[in-house]
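Source: prediction; values computed, not measured. We name chains A, B, ... by the order of the sequence lines, and we start the count at 1 in each one.
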Number of protein chains: 2
Amino acid sequence: MVEIAPIPRSPRGAMLRQREVAERIKQYILHNHLGPGDALPTEAELCEAVGASRSSVREAIKTLTALDIVEVRHGHGTYVGRLSLAALVESLAFRGLLSRADDFRVLSELVEVRQTIEQGMAASIVTASDEALHGELLDLAEQMAECAARGESFIEQDREFHLLLMEPLGNELLTQLTAAFWDVHAIVAPSLDTTPESVRETVEAHRAIARAVMARDVAAFVRAVEAHYAPVRDNLREGLQSGGSGPVPAGPGDF
Amino acid sequence: MVEIAPIPRSPRGAMLRQREVAERIKQYILHNHLGPGDALPTEAELCEAVGASRSSVREAIKTLTALDIVEVRHGHGTYVGRLSLAALVESLAFRGLLSRADDFRVLSELVEVRQTIEQGMAASIVTASDEALHGELLDLAEQMAECAARGESFIEQDREFHLLLMEPLGNELLTQLTAAFWDVHAIVAPSLDTTPESVRETVEAHRAIARAVMARDVAAFVRAVEAHYAPVRDNLREGLQSGGSGPVPAGPGDF
DNA sequence: CCGGATTTGTTCGTATGTATA
DNA sequence: ATATACATACGAACAAATCCG
């Protein structure tokens, strides 16, 4: 039997194939100064460039896709990803869903982090806000009140409200973290704060926050944020008996 | 030609194969109340269970591995992952490396977030800390001073110090976020704060923080944290000229 | 609107490396 | 040392999506 020398696979032992491929794709992006949306070589070209099979390249791309470092469009090509915090959302959301069966620890900790960030930014938010923002905040708070009066949900307004608070700070990362934490909360506890009292308190809390920003009253802002998250915490504690926010979003079946 | 009916691929339109597989693996973990370290079915079993090929299953597993939802041990099996924030670290670190070429915006924003969290937790940290913690903080600060005197690095002590601050709060998520942000900082700017003045200021800042905690002086704690991150910010601003912390960690070659 | 070219998605078969008993 | 179970890797073929002439 003739040995064909199937390419000295891993000259230096250790590094897994796909890990190496993923690393080189990242290097490629960095060295060529590519940004989100820029095109990457095709799978075939990547295979030839790194000397790996298409399967390995694809698995490496899968890893980078999960981190939103690359983005793949079927039948079109591979591109540099948006570099969002989608991975954080999915990872944290799963943790929350797992712990939800027993307690709401993860969700409870998440609420504490959200509150800490908003209160910690109180002074900056209040001083950096302008009239336009004040109008938007108040408008959203009123929309939420109207939705509540009609018995409708106002999750979109709620999300937008908390994002708007961070906007004047000009800190992209902070805004994205706020969005990510909000999304995780919404995934893990989609319908936890829906008791009539909670809804009323929540609406009023947002109004109070908006007023505090407009008055540029830091202390009032901190108190309003505290009042906003207090009922959420209470619901989390009591959520243990009521079984939380329904069963796990049933999948196609869990073999 | 007889149609073999290769399984009604996607009965309902849209969902990609691997996406569906990944979703069902997550459902499997949730429905069976598995925790980190628990064993998952083998690849072959997963293939049969979800009716997909090995390649698809493997790519789905790759995605979940990147999020640390599953963990694969070569030649051993597939297990539920540690659910760490590793994905956040890798994702954010890459963003930082990308933006580093132009400016240090991401890193600068990261510093602001770190400072906000630590200052926001000032009151809780100060009140929740105990004598044992005080001793450890002071000890670490002294170790850092000694290292600096010998011209050595003290990154390990620095990391441990900031983690210890969050420990008394009992918020697992907060501790992991602190660790993640610290790691990102270390990856993106591995040797940025190494000017003699910076080192001196940094050591003194940690000592001041430790003293503030011991004295349970919230205001002093906030000031000390401010003093800790101020030089870091300055270095970031000046880092633009000096070209930052060296070139991108060179890979095996970037085709 | 259609057809061909390009590119990614999926599958199968096979071979190899690794860990456990 | 052998055998078994398992993950890793490769390559070829076909399906599906997208684009363009």
Side-chain angles (χ1 to χ4, degrees), chain A residues 1-25 28 37-66 68-81 252, chain B residues 1-25 37-66 69-81 252:
Chain A
M1 188 62 162
V2 179
E3 278 294 325
I4 302 287
I7 301 174
R9 295 280 298 269
S10 290
R12 57 206 180 295
M15 199 173 220
L16 260 39
R17 210 88 182 91
Q18 27 171 298
R19 187 73 197 138
E20 181 184 342
V21 174
E23 219 54 44
R24 294 190 56 172
I25 293 176
Y28 177 87
D38 290 344
L40 260 54
T42 68
E43 289 183 355
E45 290 172 320
L46 285 174
C47 293
E48 193 180 3
V50 303
S53 73
R54 196 172 159 222
S55 308
S56 298
V57 169
R58 280 184 58 78
E59 289 188 8
I61 289 178
K62 266 303 143 210
T63 297
L64 298 179
T65 300
D68 205 6
I69 288 176
V70 309
E71 178 187 348
V72 177
R73 273 175 281 183
H74 191 166
H76 197 236
T78 310
Y79 303 83
V80 178
Chain B
M1 190 63 158
V2 177
E3 279 293 327
I4 301 289
I7 300 174
R9 296 284 297 269
S10 289
R12 56 202 180 299
M15 199 174 222
L16 260 38
R17 211 88 180 94
Q18 20 170 303
R19 188 76 197 138
E20 181 184 340
V21 175
E23 219 53 44
R24 294 191 56 173
I25 293 177
D38 290 344
L40 260 54
T42 67
E43 287 186 356
E45 290 172 318
L46 285 175
C47 292
E48 192 180 3
V50 304
S53 71
R54 279 179 192 76
S55 304
S56 297
V57 170
R58 280 184 59 75
E59 289 187 7
I61 290 179
K62 267 301 144 209
T63 297
L64 297 179
T65 300
I69 289 177
V70 310
E71 178 186 349
V72 176
R73 272 177 284 187
H74 194 144
H76 197 233
T78 310
Y79 304 83
V80 178

Per salt bridge (charged side-chain N to carboxylate O under 4.0 Å, His left out), E59(A) is matched among R54(B), K62(B), R58(B) by R58(B)
note: L46(B), atom CG; dC6(D), atom P; distance rounded to Å ~ 11 Å
Taken to the nearest whole Å, NZ/K62(B) to C1'/dG9(C) is 19 Å
Atom CZ of R17(B) and atom P of dA17(D) are separated, to the nearest Å, by 13 Å
In residues 69-79 of chain A, what donor-acceptor pairs under 3.5 Å come from side-chain atoms, sequence neighbours left out?
from   : atom 1 : to     : atom 2 : distance (Å)
H76(A) : ND1    : Y79(A) : OH     : 2.7

- Message: Tell me whether the side-chain N/O atoms of Q18(A) come closer than 4.0 Å to OP1 or OP2 in dA9(D).
- Response: yes
Go through it in stages, so that I can follow the logic: the residues are I61(A) and L46(A), the test is side chain to side chain contact (heavy atoms under 4.5 Å, CB included), and I'd like the CA-CA distance, side-chain angles, deciding distance and then a yes or no. CA-CA 10 Å; I61(A) 289 178; L46(A) 285 174; 4.1 Å; yes
When every non-hydrogen atom of E43(A) is compared with those of V57(A), the smallest separation belongs to O-CG1, 4.4 Å
One should read off an interatomic distance between L64(A) CG and Q18(A) CD, to the nearest 0.5 angstrom, of 10.5 Å
Between protein and nucleotides 5-8 of chain C, what N or O pairs are separated by less than 3.5 Å?
from   : atom 1 : to     : atom 2 : distance (Å)
dT8(C) : OP1    : T78(A) : OG1    : 3.1
dT8(C) : OP2    : E43(A) : N      : 3.1
dT8(C) : O4'    : G75(A) : N      : 3.4
dT8(C) : O2     : H74(A) : NE2    : 3.2

*Using a cut-off of 4.0 Å on non-hydrogen atoms, how would the nucleic acid contact of S55(B) be classed: base, sugar-phosphate, or nothing?*
base
E71(B) atom CD is separated from dA7(D) atom C1', nearest whole Å, by 14 Å
Rounding to 0.5 Å, atoms CZ (R19(A)) and OG (S56(A)) come to a distance of 14.0 Å
From CD of E48(B) across to C1' of dC12(C) the rounded distance in Å is 16 Å
